[in-house]
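Working notes for the structure below.
FYI, side chains are in, hydrogens and waters are out, and symmetry mates aren't considered; it's all heavy atoms of this structure.
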Protein chains: 4
Amino acid sequence: MTAGRRELTKSQNRQAILVAARQVFADLGFGAATVRDIIRATPLASGTFYNYFKSKEEVYQAIRDEVALTIVPRLQEERANAATAEEFLAASFGAFFEFVVAQQGEVRSDRPEASRLRLDTPEVVAGFGALRADLESAIARGLFPNIDPHFLSAAMAGVAFEISEQMLRRGCGAAPARDFATALFLGGIKALAPPG
Amino acid sequence: MTAGRRELTKSQNRQAILVAARQVFADLGFGAATVRDIIRATPLASGTFYNYFKSKEEVYQAIRDEVALTIVPRLQEERANAATAEEFLAASFGAFFEFVVAQQGEVRSDRPEASRLRLDTPEVVAGFGALRADLESAIARGLFPNIDPHFLSAAMAGVAFEISEQMLRRGCGAAPARDFATALFLGGIKALAPPG
Amino acid sequence: MTAGRRELTKSQNRQAILVAARQVFADLGFGAATVRDIIRATPLASGTFYNYFKSKEEVYQAIRDEVALTIVPRLQEERANAATAEEFLAASFGAFFEFVVAQQGEVRSDRPEASRLRLDTPEVVAGFGALRADLESAIARGLFPNIDPHFLSAAMAGVAFEISEQMLRRGCGAAPARDFATALFLGGIKALAPPG
Amino acid sequence: MTAGRRELTKSQNRQAILVAARQVFADLGFGAATVRDIIRATPLASGTFYNYFKSKEEVYQAIRDEVALTIVPRLQEERANAATAEEFLAASFGAFFEFVVAQQGEVRSDRPEASRLRLDTPEVVAGFGALRADLESAIARGLFPNIDPHFLSAAMAGVAFEISEQMLRRGCGAAPARDFATALFLGGIKALAPPG
DNA sequence: GATGAATGAGAATTCATTCAT
DNA sequence: TATGAATGAATTCTCATTCAT
């Protein structure tokens, strides 16, 4: 029982560090974030950090791994099951925007670069690693015309990043953002024109 | 004449710092970049940095100002003269990709986050400040349908960032990148399908 | 118990810094003293200084506060209880010279200005802040004739500083210094003439 | 003629540095004063400083020498000619207070230690070097009773320093200060009581 | 000589990491 | 294991001094 309690606490501490690190990386980026920033956002003491992670790099990697193991597979499955380009796009953008909303990336920094969403964030790096592969497979299945998959996945990633920032600023939900991005990729600005 | 030589050297040193700072910011981002990194990328001594700039923030601002004073006005003019959405898009994307090519953003860092183009870079922040205003004006002129300009400019920025990274990796020129992005915004994936 | 030991060590380190700072300020004065000088006079590492004080100014202030809270009240009480001018003077000078002896201000520097007692020392600034007020009160009680209290307190301070330096050089105790200063203020050079 | 002009300029520059250095030393003390502070208080360029003085120490020494060669001899002569203790004291204090007034030591610093007159100033160090010797001679001549000359000269120096600060704050001339100090040394607080 | 930019040693400060408790 | 103070290397910045013009 004591062991159980301990295990629980251990797990909770590790989780607390991961949550704090996500917030701090989103806020400051990997480069500017310090271990102190992370631990300050936690009820723990500085030394405790090193009971769970060897370094800042390791937390970064751990977040990346976590995302890669939980969110990415779900997303890959949805994409694999997509019957149309629209489903593929809506699933991809929808998952990303919902993830961003869930993270509640409250940007509060006053640094000059903080005016835009941080890309040097573990989730983001992990999250889009699989996109191109999925896109290639979708092209092979005939969901998409034969477009350069590097450029297309890059464009999707860019739209996702920037639109998500707008979404947070505006406080709107994930749905409008998803619909906008999906329509843009399906039909360009014509498809975005208001009906009528 | 003596003064002339001195002025020249002075100007050259300032320029050397600016060039080095651009490279370092592109490499590491604002947060992770250090003044030492900048000065190390220069033949100058450490103290010399402070003859020209008070801090890292100040170089950042100086680059931003320079970009805002040189590139942005040209871009704004081209956009103002655009007769069609295609011209507007091609001018915007073309200018950005050519700028990126000119900067030769040789990504060489080994830090985990460096795998993607840095957005917290002075040029980028400055460069897209004016886009939304130009877009609103273009919508008013009837070049674009009545699309949410926040979302649309965000999408353009995102595509520009990410495509430019691909462009650099692939070593292709600015033209293919510009054409891809323009076509995407004009007609979506259908417009991107290879002819035939 | 664990906490007790830690607290002790913490307190000891803070004390070590304060002691070293006193010595360094006495040696070099506030202006020339560096944080490095202080920490070098200590077995601690450079970063440890900043666990206790934010800056040189803050140690200075801390010493001043300490003096103001311990020595000054005792001195004020003795002065308030003085029944004669002689008691007032002897208490003031006696306290100061004893304080200086206790500090063991071993002047050892080789800088040109170090040949005289440093006045820009936190103890000294704090110590004489209250003198004039006490003097005014003593004049009101009739202990002193109606002398300009600004000049009189200034003169007392000056004599205290300079005599204390002589005292240290000569290695004599506080008593002769106190007697000399008291006699000087009571009756001038006549009162200082050796008996007979 | 050209040579004459140059000589003049040379002399003027040297003088400008000396004047500026006096002010800066009085303001900040030797330790905190920087060569930049001195040169900033001058119309000259930084490099020019080193055409006249090898270092900060050397200006300090130069001021000391100048004082020792001009003011001290006059003072020594006056003291040697003094027929009474009062003349000796009045000459000593009078000379010092007039010197301080002439220097116009406008204290304007905001540093914690700046609230009192700087003693680590070349003039002060030089000026009181000769006092004790003169005092010993005066005792030998019978002007003063047989008082410990170390203590007595220290007391005179201290009173001179501190009273001069009061004098400057109050904006009164040198005469009241001289009279106060002289009376104090002649007869103590009794001699300072207002007549009647 | 005069100038003022360049230099680089050194001072102030931060921060990842260690370690005694 | 948790703690948080200590550590010292790395960073930012200052300043005496040099040197090309």
Side-chain angles (χ1 to χ4, degrees), chain A residues 2 5-7 9-10 13 32-40 42-57, chain B residues 1-14 33-40 42-57, chain C residues 1-14 32-40 42-57, chain D residues 2 5-7 9-10 13-14 33-40 43-57:
Chain A
T2 299
R5 267 270 291 292
R6 255 202 217 138
E7 280 313 301
T9 304
K10 249 177 81 172
N13 283 349
T34 71
V35 172
R36 289 185 137 171
D37 291 329
I38 296 171
I39 214 64
R40 239 184 263 127
T42 259
L44 303 172
S46 63
T48 305
F49 179 92
Y50 293 90
N51 289 337
Y52 295 100
F53 303 98
K54 264 210 286 288
S55 66
K56 193 171 68 159
E57 274 77 10
Chain B
M1 216 166 202
T2 297
R5 263 286 272 294
R6 267 231 282 276
E7 280 313 301
L8 185 62
T9 302
K10 225 180 107 170
S11 177
Q12 280 174 341
N13 283 346
R14 192 188 146 91
T34 71
V35 172
R36 287 188 117 168
D37 291 330
I38 296 172
I39 212 66
R40 242 184 258 127
T42 258
L44 304 172
S46 65
T48 305
F49 178 90
Y50 295 93
N51 289 341
Y52 295 99
F53 303 99
K54 269 210 282 287
S55 65
K56 193 173 67 160
E57 275 78 10
Chain C
M1 215 167 202
T2 297
R5 263 285 273 292
R6 266 231 283 276
E7 280 313 300
L8 185 61
T9 302
K10 224 180 110 171
S11 177
Q12 279 173 341
N13 282 347
R14 194 187 144 90
T34 71
V35 171
R36 289 188 117 169
D37 290 330
I38 296 172
I39 212 65
R40 243 185 258 127
T42 257
L44 303 172
S46 65
T48 304
F49 178 90
Y50 295 93
N51 289 341
Y52 295 99
F53 303 99
K54 267 210 283 289
S55 66
K56 193 173 68 160
E57 275 78 11
Chain D
T2 298
R5 266 272 288 292
R6 253 203 219 137
E7 280 312 302
T9 303
K10 248 178 81 172
N13 283 349
R14 193 186 147 90
T34 72
V35 171
R36 289 185 137 172
D37 291 329
I38 295 171
I39 214 66
R40 238 183 264 128
L44 303 172
S46 63
T48 305
F49 178 91
Y50 294 90
N51 289 336
Y52 296 99
F53 302 99
K54 265 210 286 286
S55 66
K56 194 171 68 159
E57 273 77 12

- Message: If we ignore hydrogens and angles and just use 3.5 Å, is the side chain of D/Lys56 paired with the main-chain N or O of D/Thr34 as donor and acceptor?
- Response: no
- May I have the step-by-step check of side-chain contact (heavy atoms from CB on, under 4.5 Å) for C/Val35 and C/Tyr50, ending in yes or no? CA-CA 10 Å; C/Val35 171; C/Tyr50 295 93; 3.8 Å; yes
Mind listing the N/O atom pairs, protein and nucleotides 8-11 of chain E, below 3.5 Å?
| residue | atom | partner | partner atom | Å |
| --- | --- | --- | --- | --- |
| E/dG8 | N7 | B/Gly47 | N | 3.4 |
| E/dA11 | OP2 | C/Arg36 | NH1 | 2.5 |
| E/dA11 | N7 | C/Arg36 | NH1 | 3.4 |

- Query: In whole angstroms, how far is the C1' atom of E/dA12 from the CG atom of C/Asp37?
  - Reply: 12 Å
- Taking OP1 and OP2 of E/dA2, is either one under 4.0 Å from a side-chain nitrogen or oxygen of D/Asn13? yes
- Query: Please give, in whole Å, the distance from F/dT12 C1' to B/Ile38 CD1?
  - Reply: 12 Å
- Nearest-angstrom distance from the residue atom OH of C/Tyr50 to P of F/dT12: 16 Å
- Query: What pattern of brackets, bars and dots sums up DNA chain F from 5' to 3', given Watson-Crick or G-U wobble pairs under 3.5 Å, [ ] for crossing pairs and | for another strand?
  - Reply: .||||||||||||||||||||
- Within this structure, what is the CD-to-P distance between C/Glu57 and E/dT13, rounded to whole angstrom? 8 Å
- Message: Test of understanding: with side chain to side chain contact (heavy atoms under 4.5 Å, CB included), list the residues that count as partners of B/Thr48, not counting sequence neighbours.
- Response: B/Leu44, B/Ala45, B/Asn51, B/Tyr52
- Send over the distance from B/Tyr52 OH to E/dG4 P, rounded to a whole Å. 13 Å
- Set of residues satisfying salt bridge (charged side-chain N to carboxylate O under 4.0 Å, His left out) with respect to D/Arg40, sequence neighbours excluded: D/Asp37
- Distance, rounded to the nearest Å, where D/Phe49 contributes CZ and F/dC15 contributes P: 15 Å
- To the nearest Å, how far apart are D/Arg14 CZ and E/dG1 C1'? 15 Å
- Could you give me the CA-CA distance, side-chain angles and deciding distance for B/Phe49 and B/Thr42, then say whether side-chain contact (heavy atoms from CB on, under 4.5 Å) is met? CA-CA 10 Å; B/Phe49 178 90; B/Thr42 258; over 6 Å; no
- Message: What's C/Phe53 touching, base or sugar-phosphate or nothing? Going by heavy atoms closer than 4.0 Å.
- Response: nothing
- Query: Residues two or more places apart in sequence or in another chain: which of them pass side chain to side chain contact (heavy atoms under 4.5 Å, CB included) with B/Ser46?
  - Reply: none
- Message: In this structure, how many angstroms lie between the C1' atom of F/dA10 and the CD1 atom of B/Ile39, rounded?
- Response: 17 Å
- Task: Please determine if a side-chain N or O atom of B/Asn51 lies less than 4.0 Å away from the OP1 or OP2 oxygen of E/dA6.
- Result: yes
